[in-house]
There are 2 protein chains.
Amino acid sequence: MSGLSRFLSVLRCFTEAKANWTVPELAEAIGVPASTVYRTVRELVAQGFLEPSTEAHYRLGSAFIEFDRMIRLTDPLVKVGSPLLRDLVAEVRHPCVAVLARLYGDRVICAADERYDGAELPTSYERGRPMPLTRGATSKTILSQLPGRRLKKLLADADADAPAKLSGELAAIRKRGHCITRGEVDKGLVGIAVPVSNSELAISASLSLVVSDATLDERLERRLVLLLVSAADLLSQALRRLA
Amino acid sequence: MSGLSRFLSVLRCFTEAKANWTVPELAEAIGVPASTVYRTVRELVAQGFLEPSTEAHYRLGSAFIEFDRMIRLTDPLVKVGSPLLRDLVAEVRHPCVAVLARLYGDRVICAADERYDGAELPTSYERGRPMPLTRGATSKTILSQLPGRRLKKLLADADADAPAKLSGELAAIRKRGHCITRGEVDKGLVGIAVPVSNSELAISASLSLVVSDATLDERLERRLVLLLVSAADLLSQALRRLA
DNA sequence: ATCAAATTATCGTTTTTTGATAATTTATTG
DNA sequence: CAATAAATTATCAAAAAACGATAATTTGAT
């Protein structure tokens, strides 16, 4: 373990399940002597990535909040997309969650989301939560835009269950311009996604709406696809203006 | 330069003013050979802290979004405070911004904020933005809770303009239980802050409201102080329950 | 003030980083 | 599609930093 990964092995211990760690616990968990972890933690605290918590415990530090703000202020997709998501859910006038997602290593991450006022959809998609690469409209729509070589390498690492079936689906998305999946991510929910890309900014993302399966009839589905296509168009235009 | 600071010297280059960097630019800016920066950037990209942007440029990566979510999910102050801020601004029924802030190195950072629906106050306080340690009600209220030795060291490093005056003000905050400052941070705005602390969780923070000076009469001011005190009380109770 | 636990300091050894340069890959353009 | 330039990675010996066992110190709670 060396370089950055030394620090990440500590930071990745801090999860929802266990958000408070002592140094001996960390040392045990990552299999490294405590004296080394004391040094590592000291550096992380000095830079604000960890902070002292209750008696000899540590928690994630505010530096992440600071850098997250910098992303909100500067990332083209987030900056341009966030206000657009607000407009989108307002136009939908139906319980839904709108999501802007992008590739994140071998997964997909939601970079911005917006909930229709008061909607109580139990969706897994949530800003900052990594999601599987090959399931759901949001992810598949991102994959459908990747250049062949990149896609092949990604899928090889992720060893998808049915690569042939998947590549057929991706071709269909490229052809139709959108993707609809039912219950692939969350039971009882439907995802409708359209591609968002800008090669100049090296962005390949997707814009999606999650709605309850039970309340979605054909008419509404058509309307949502249209709204998404038009929102994605606006988004692409705005991105082009930034580039 | 070594350890974590090697990576931070790169990450800190990414600002609102310049959010896109090439490796040679970074090398020039931090005074290190390009071959070294190529290696550093490669590690940061591998961990998701940077990502490739338009032609040979890099921008901040989604890992910050992921860790920020982890903070929202696990940090006691943020987790408990965020819904409380929403309730607070709703009860205020007056254009305002509510802010939860804490110490962040030699500055203060806003860890959660909430804007009264539609309020257009041009306030500097914003989630994730570091603010000066010795100016404004939000910061002074945090300082007023620190143990003497800690405070002295902080102020020594920050070399405050008028330490005597400041320590008088801090004593007054401890006595009154709140702090009101006018135009110390933003011209034409007033900050009203109350302390939030929980020694078990090693939290010393402040809860504040920012309102326009012009619209604030004595009656409203009294009401806001009362609302803040009661919200801080709820917050402290909730924190105690967590500990 | 005392005690236990947490944290930092020490130091020879081992490992990693460094930076100049060469080799390779990638993107662009005629 | 070849040619070119730019970006990126690989190489390698010297220099620097990290390691980890242990000792010393600090901190926090009686």
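Each chain gets a letter, A, B and so on, in the order the sequences are listed, and its residues count up from 1.
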- Message: Can you confirm whether A/D75 sits close enough to B/L60 that some side-chain heavy atom of one is under 4.5 Å from a side-chain heavy atom of the other?
- Response: no

- Message: Between B/E66 and A/Y104, do the side chains contain a donor N or O and an acceptor N or O under 3.5 Å apart?
- Response: yes

- Query: Between B/S35 and A/Y58, which has a closest nucleotide on DNA chain C that is more 5'?
  - Reply: A/Y58

- Item | DNA chain C: 5'-proximal contact among A/G3 and A/H57 (nearest heavy atom) | A/H57

- Atom CD of B/E25 and atom P of D/dA6 are separated, to the nearest Å, by 15 Å

- Look at A/R127 together with A/D68 and state whether they make a salt bridge at an N to O cut-off of under 4.0 Å. yes

- Message: Is it the case that the side chains of A/R59 and B/T74 hold a donor-acceptor pair, with the cut-off being a distance below 3.5 Å and no angle test?
- Response: no

- Item | Sequence neighbours excluded, every pair satisfying ring-ring contact (aromatic ring centres under 6.0 Å, His included) that has a member inside residues 53-80 of chain A | A/F49-A/F64, A/F64-B/F67, A/F67-B/F64

- Task: Take the protein atom CZ of B/R42 and the nucleotide atom P of D/dA7, then report the distance between them rounded to whole Å.
- Result: 16 Å

- Message: Students should find this one: the first and last nucleotides of DNA chain C, 5' to 3', lying under 4.0 Å from a heavy atom of chain B. What are they?
- Response: C/dT17 to C/dT21

- Rounding to a whole Å, what distance do you find between A/Y38:OH and D/dA21:P? 15 Å

Between the protein and nucleotides 25-28 of chain D, list every N/O to N/O distance that falls short of 3.5 Å.
none

- Lys/Arg N to Asp/Glu carboxylate O, B/K140 vs B/E169, below 4.0 Å: yes

- Would you check if there is a donor-acceptor pair between the side chains of B/T138 and B/S208 at a distance under 3.5 Å? yes

- Query: Is B/R240 paired with B/E200 through a side-chain N to carboxylate O contact shorter than 4.0 Å?
  - Reply: no

- Message: Without decimals, in angstroms, what is the distance between B/R39 CZ and D/dA10 C1'?
- Response: 10 Å

- Spacing between A/E28 atom CD and D/dG20 atom P, to the nearest angstrom: 15 Å

